[in-house]
Peer 1: 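My questions will all concern the structure given below.
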Amino acid sequence: MPQLSIAPTSPARDSTNVKDSTSGEPILRLAGVSKRFAQVTALDDVNIDIHRGEFITVIGPSGCGKSTLFNIVAGLEAPDQGSVMHKGATVGAKGLLGQVSFMPQQDLLMPWRNVLDNAIVAIELEGTPRGQARQRALTMLPEFGLKGFERHYPHQLSGGMRQRVALMRTFLFERELMLLDEPFGALDSLTRTMMQRWLLEIWRRHRRTVLFITHDIDEAIFLADRVLVMSARPGKVKLEQRIELPRPRGTELVTSADFVHYKRVLLEALEEESMKSFAPH
Ligand code: ADP
Ligand code: MG
């Protein structure tokens, strides 16, 4: 695997900043959002506020509407009820299409495009001339551990590298708010841990607001300022847990008493929900 640029000496995010950022107007507000697909109620009265610079993770049993939530924010689906507000303004029928960086759960790369040209897809669509787009992508390659792989095609890459290309595409499309739907879902746990630390470093440097879906509790805690636990379908926000762990976060953190405490709280909430999915209807 190529060297990822993790800077262990990076200054800690001041935890007081994180607290301060939760006052004032949220960058994103979901108010009473509900969504049905035929007989299935995917989301029921979802309320979420996200503040500038926050890293929010969302966990919940499979099928509880996490991806639907993102699709609504990204403008790929319309809510049946409720509203989405972005920087204080109500978002119309098109959602935030073009205004957020979005990495969907099934983010397949185009097999006929090489790494560089896959990375620039979103900014090219936005109107950036191809030469200029490629130049920007080239400067970003080392940070994403892809230097030297620009002419490789997706089938020549490992799962982790493909996900980094997809992430790079999302970062190149420079928007304040990023939605990442299980971006490390396909990775083995060691690669995953490396990618988490690396993502936190990139997040710190690029100063984005991140909404991140995962089904991995450790990942949810390790990354987040706040973890949102969703209930089994119909999806609601069942629990909001603030994570008061110092940054930068290293691997030693996951065995600390505080981390284990958060894990127990979240596991209990999540297990209760997962059991419901198995209960007879
Ligand atoms: P999660 O991401 O939490 O696993 P999803 O948001 O993908 O869950 O799906 C929530 C529920 O909505 C599921 O029961 C799923 O089958 C249903 N669903 C999602 N998208 C559609 C769609 N486009 N058409 C019909 N049903 C859908
Ligand atoms: Mg999903």
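In listed order, ligands and their atoms are each counted from 1. Just so it is clear, the values below take in all heavy atoms, side chains as well, and ignore hydrogens, waters and symmetry mates.
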Peer 1: Got an N, O or S from Ser62 under 2.8 Å of the Mg ion (ligand 2)?
Peer 2: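 No - counting backbone and side chain alike, Ser62 has no N, O or S atom under 2.8 Å.
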
Peer 1: Has Arg192 got more than 12 heavy atoms of other residues, nucleotides or ligands less than 6.0 Å from its CZ?
Peer 2: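 Buried by this count: over 12 neighbours within 6.0 Å.
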
Peer 1: Please test Arg134 against Asp117 for salt bridge (charged side-chain N to carboxylate O under 4.0 Å, His left out), starting from the C-alpha separation and ending with a verdict.
Peer 2: CA-CA 7 Å; Arg134 282 184 175 148; Asp117 288 346; 2.8 Å; yes

Peer 1: Indicate yes or no: does Glu268 engage Arg264 in a salt bridge with an N to O separation below 4.0 Å.
Peer 2: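 Salt bridge absent between Glu268 and Arg264.
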
Peer 1: Would you indicate whether Lys263, at its atom NZ, is surrounded by more than 12 heavy atoms from other residues, nucleotides or ligands within a distance under 6.0 Å?
Peer 2: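 Open.
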
Peer 1: Which atom pairs, nitrogen or oxygen on both sides, join ligand 1 and the protein at under 3.5 angstrom?
Peer 2:
residue, atom, partner, partner atom, Å
ligand 1, 2 (O), Ser67, N, 2.9
ligand 1, 2 (O), Ser67, OG, 2.9
ligand 1, 3 (O), Cys64, N, 3.2
ligand 1, 3 (O), Gly65, N, 3.1
ligand 1, 3 (O), Lys66, N, 2.9
ligand 1, 3 (O), Lys66, NZ, 2.9
ligand 1, 4 (O), Gly63, N, 2.7
ligand 1, 6 (O), Ser67, N, 3.4
ligand 1, 6 (O), Thr68, N, 2.8
ligand 1, 6 (O), Thr68, OG1, 2.5
ligand 1, 8 (O), Gly65, N, 3.2
ligand 1, 14 (O), Arg233, NH1, 3.0

Peer 1: Angle between ring planes, Trp198 versus Phe144, binned at 30° and 60°: parallel, tilted or perpendicular?
Peer 2: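 Perpendicular: the ring planes of Trp198 and Phe144 meet at over 60°.
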
Peer 1: The Mg ion (ligand 2) to Ser67: any N/O/S contact under 2.8 Å?
Peer 2: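 Yes, within the cut-off.
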
Peer 1: Where do Arg226 and Asp49 land on the salt bridge (charged side-chain N to carboxylate O under 4.0 Å, His left out) test, with the steps shown first?
Peer 2: CA-CA 11 Å; Arg226 262 191 302 150; Asp49 273 3; over 6 Å; no

Peer 1: Only one of Ile213, Thr57, Thr170 passes side chain to side chain contact (heavy atoms under 4.5 Å, CB included) with Leu180; say which it is.
Peer 2: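 Exactly one option meets the side chain to side chain contact (heavy atoms under 4.5 Å, CB included) with Leu180, and it is Thr170.
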
